[in-house]
2 protein chains.
Amino acid sequence: MDLDIILNQIYALPRASRELIKAYVTEVVYPKGHIIIHANKVERHVYFLKSGIVRAYADHGDSQITFWIGSEGAPVISMNSYVNNRPGYESIDLLENCTLYTIAMQDLQRLFLQDIHIANWGRKFAESELIKTEERMISRHLGTAVERYRRFLSQSPDLLQRVPLGYIASYLGITQVSLSRIRAEIR
Amino acid sequence: MDLDIILNQIYALPRASRELIKAYVTEVVYPKGHIIIHANKVERHVYFLKSGIVRAYADHGDSQITFWIGSEGAPVISMNSYVNNRPGYESIDLLENCTLYTIAMQDLQRLFLQDIHIANWGRKFAESELIKTEERMISRHLGTAVERYRRFLSQSPDLLQRVPLGYIASYLGITQVSLSRIRAEIR
DNA sequence: CCTGCTTTTTATCATTTGTAAAAAAATGTC
DNA sequence: GACATTTTTTTACAAATGATAAAAAGCAGG
């Protein structure tokens, strides 16, 4: 997915402001399995997923809880690093080989203070992440495991083919065994 | 809680910008039980809780799921209204008599486009809500019901005295009966 | 201080979900 | 195509949670 499209989907920027941002963006490629964001470390870059799939998870004892799955166009960030310059809870790893756009947070922060359009772009960026996060949270509260799986199925049928069911189960808040049972019942 | 403090906790504004916002803010009082945000309706104001407690919930069949409890200083908004001018999932009602600051979203939006400091304030506002929402979401994923209750207990001991346990149970993702069992076991 | 109403706890039973281990299926590599 | 590895499903049993109903406790208004 093209960078211009990603930037503009968040907030329509004047050409000059968009070019200002793009001057600081570079492209990087990482292989499947690479951990791009490390929990408990401050991450100094923001990424946008050009292609591929990633997942965010939190370690909990000897297991991991997957709480976000991102695909092409999605921002890949350590929220707490981005917002507070503090270590975050989440690790993010790549479920496929991925190409990402990246920009140093330092550069972005500077642009926020220089250009009101970019400041409003940053506002819209946070707002759209906020909406998505709230939606995800409410969705996870609502309904039984079966309903949540059905919802996932209808909203992200593509992910079902590309993401191991163990991660999807964790995302839905159940065990892989439980998810397997649900899938068997529905069929 | 004073409006200046609430505004500045989000982002330190120059005096002039802060006065610009305050010119549009008024104070309102509502009684316990009043529903201030209605699900599936577009809400055209943003509120900040000067005093009291509120809860956000989503209707689900014949029951309600409480997914947020806000106390003094907290912003009270319909996310989807604020961000997208669209009806939201959540209703918010008052658990105590409350005093709130309020500003029309229309006025705030205009200020965002006029004043870069206010634009960045708006960015920080969304970002801080984002962090809190993510934290809440992850926290709800993590651990058993007992652990989640213990976490709630240590993070918001005051709310335990002021919020009916039924709402807290729903917030933790369990039934009131389950919560009661947990409380009995811990003692 | 009593009365009625709401909230919380307790008890019982049915159901769901988790754990652990093994079998089956799918995937990738040589 | 055969092997090793990973992923998914299945099974059996244990533990946790939900539903329902009833008792107990707490609280507000007169």
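Chain letters run A, B, ... following the sequence lines, proteins first and then strands; every chain starts at 1.
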Identify the pairs formed between an N or O of the protein and an N or O of nucleotides 25-30 of chain D at a distance under 3.5 Å, and give each distance.
none

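No close placement of the Tyr57(B) and Tyr89(B) rings is indicated, their centers lying 6.0 Å or farther apart.
In this structure, CD of Glu185(A) is placed 13 Å from P of dT11(D), rounded to the nearest angstrom. Computed from coordinates, the Gln176(A) CD to dT6(D) P distance equals 14 Å when rounded to whole Å. Atoms CG (Leu160(A)) and C1' (dT7(D)) sit 13 Å apart, rounded to a whole Å.
DNA chain D is contacted by no residue of residues 147-154 of chain A, taking any non-hydrogen atom closer than 4.0 Å. If you check residues 164-172 of chain B against DNA chain C, the residues with a heavy atom closer than 4.0 Å are Pro164(B), Leu165(B), Gly166(B), listed by number.
Note: His34(B) and Tyr30(B) have parallel aromatic rings, judged against thresholds of 30 and 60 degrees for the angle between ring planes. Ring geometry, Tyr82(A) versus Phe125(A): the interplanar angle exceeds 60°, so the pair is classed perpendicular (tilted spans 30 to 60°).
Through ILVMFWY side-chain contacts below 4.5 Å, Val177(A) is grouped with nothing and stands alone.
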Stepwise salt bridge (charged side-chain N to carboxylate O under 4.0 Å, His left out) check, Arg150(B) with Glu147(B): CA-CA 5 Å; Arg150(B) 282 222 163 87; Glu147(B) 292 169 320; over 6 Å; no
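Using a cutoff of 4.0 Å between basic side-chain nitrogens and carboxylate oxygens, Arg123(A) and Glu127(A) are scored as salt-bridged. The existence of a salt bridge linking Arg162(B) and Glu96(B) is confirmed by a sub-4.0 Å separation between a basic side-chain nitrogen and an acidic carboxylate oxygen. Lys132(A) and Glu135(A) are not joined by a salt bridge, as no carboxylate oxygen comes within less than 4.0 angstrom of a charged side-chain nitrogen. Residues Lys50(A) and Glu27(A) are paired through a salt bridge, judged by an N-O separation under 4.0 Å between the basic side chain and the carboxylate.
When each of Trp68(A), Phe67(A), Phe152(A) is tested with Tyr171(A) by the rule ring-ring contact (aromatic ring centres under 6.0 Å, His included), just one qualifies, namely Phe152(A).
Atom CZ of Arg44(A) has 12 or fewer neighbouring heavy atoms from other residues, nucleotides or ligands inside a 6.0 Å radius.
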Would you give a per-nucleotide map of nucleotides 24-30 of chain C, 5' to 3', where B means the base has a protein non-hydrogen atom under 4.0 Å away, S means only the sugar-phosphate does, and - means neither? -------
Each nucleotide of nucleotides 11-23 of chain C classed B (base within 4.0 Å of a protein heavy atom), S (only sugar-phosphate) or -, in 5' to 3' order, makes BB----SBBB---
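Judged purely by distance below 3.5 Å, without hydrogens or angles, the side chains of Asn8(B) and Asp4(B) never pair a donor atom with an acceptor atom.
Listed for the Thr175(A) side chain is a donor-acceptor partner under 3.5 Å among the backbone atoms of Ser178(A). Panel note: side chain Ser154(A), backbone Arg151(A); a donor-acceptor pair is recorded below 3.5 Å.
Once rounded to the nearest 0.5 Å, the distance linking CG of Leu49(A) with OG1 of Thr99(A) reads 8.5 Å.
Of the listed nucleotides (dT8(C), dT8(D), dT10(C)), dT8(D) has the atom at the smallest distance from the side chain of Arg183(A).
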